[in-house]
Amino acid sequence: MQGRLRFGVMLAALWWGSLTALGLLVVPLLFQHLGSPQAAGAMAAKLFAAQTWLSIICGLVLLLLLNKKDESAPNTLAQGVTPWLVAGLLLAALVEFGVAPRIVTARATGGDLKLWHGLGSAMYLGQWLSTTSVLWRMTFAAAR
């Protein structure tokens, strides 16, 4: 169990760290240094799509690791972490497959870009908070 837990902590750290780096460092730098907001937005969209797939892979592997049957002890960690994992996965998928296409459409048609961008940002923050909870709980469990 200890090896699985350590690997899980590393996956959770990768997921959380990539969300943090992309949202707080990379995307703001794109808008600061690329010539136009359109070019920065197009590149940010590609990076957010890649982030979604990283989130899905990390989240699914974590679910598999945490919910593996271990007859020696009840898996209370999985019970505490699974809702946060599922929330993070759902938010990642909703942003990519629900909100991102509407942002593209709003840009092309002059629709309500501010609404969809704000909703996507809020959902990204929700995913970040979910992964923060996962990482926090897993590192606490690993330290015991």
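Numbering of residues begins at 1 and proceeds along the displayed sequence. The analysis underlying the following values was restricted to heavy atoms, covering all of them including side chains, and did not include hydrogens, waters or symmetry mates.
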For this session: May I ask you to list the residues sharing a hydrophobic cluster with Leu115, side-chain cutoff 4.5 Å, ordered by chain and number?
Result: Leu91, Leu94, Val95, Val99, Ile103, Leu113, Trp116, Leu119, Met123

Problem set entry | Nearest-0.5 Å distance, CG of residue Leu14 to CG of residue Leu54 | 5.0 Å

Seminar exercise, completed: Closest non-hydrogen atoms of Ala142 and Val9, given as atom of the first, atom of the second and distance, are CB-CG2, 4.1 Å

For this session: List the atom of Pro28, the atom of Gly23, and the distance in Å for their closest heavy-atom pair.
Result: CD-O, 3.6 Å

For this session: State which residues pass side-chain contact (heavy atoms from CB on, under 4.5 Å) with Ala49; sequence neighbours excluded, sorted by chain then number.
Result: Glu96

Exercise. Who pairs with Thr20 by side-chain hydrogen bond (donor to acceptor under 3.5 Å, both in side chains), at least two apart in sequence or on another chain?
Worked result: Trp128

Exercise. If we only count heavy atoms from C-beta on, is the Leu62 to Met138 side-chain gap below 4.5 Å?
Worked result: yes

For this session: Applying side-chain hydrogen bond (donor to acceptor under 3.5 Å, both in side chains), name anything that partners Ser133, two or more places apart in sequence or on another chain.
Result: Trp84, Arg137

For this session: Report the residues that fulfil side-chain contact (heavy atoms from CB on, under 4.5 Å) with Leu90, sequence neighbours left out, ordered by chain and then residue number.
Result: Val86

Problem set entry | With sequence neighbours excluded, residues passing side-chain contact (heavy atoms from CB on, under 4.5 Å) with Ala141 | Leu5, Leu77, Arg144

Problem set entry | Sub-4.5 Å side-chain heavy-atom contact between Leu89 and Leu63 | yes

Seminar exercise, completed: When rounded to the nearest 0.5 Å, the distance separating CG of Leu19 from CG of Leu135 is 11.0 Å

Atom pairs and distances, donor-acceptor, side-chain atoms in residues 35-42, under 3.5 Å, two or more places apart:
from, atom 1, to, atom 2, distance (Å)
Ser36, OG, Ala39, N, 3.1

Exercise. In the single-linkage hydrophobic clustering (I, L, V, M, F, W, Y; side-chain heavy atoms under 4.5 Å), do Leu129 and Leu85 co-cluster?
Worked result: yes

Exercise. Quick one: do Trp53 and Leu60 end up in the same hydrophobic cluster if we chain Ile, Leu, Val, Met, Phe, Trp and Tyr together by side-chain heavy atoms under 4.5 Å apart?
Worked result: yes

Exercise. By the rule that ILVMFWY residues connect when side-chain heavy atoms come within less than 4.5 angstrom, directly or transitively, which residues belong alongside Leu25?
Worked result: Leu29

For this session: Only counting residues at least two apart or in another chain, list the ones meeting side-chain contact (heavy atoms from CB on, under 4.5 Å) with Phe7.
Result: Leu11, Val61, Leu65

Exercise. Would a 4.5 Å heavy-atom cut-off, applied to side chains only, mark Tyr124 and Leu22 as touching?
Worked result: yes

Exercise. Is it true that Leu30 and Leu24 fall in one hydrophobic cluster, defined by side-chain heavy atoms closer than 4.5 Å?
Worked result: no

Problem set entry | side-chain hydrogen bond (donor to acceptor under 3.5 Å, both in side chains) partners of Ser55, counting only residues at least two apart | Trp15, Gln51, Gln127

For this session: List in chain and number order the residues that pass side-chain hydrogen bond (donor to acceptor under 3.5 Å, both in side chains) with Thr139, two or more places apart in sequence or in another chain; answer none if no residue qualifies.
Result: none

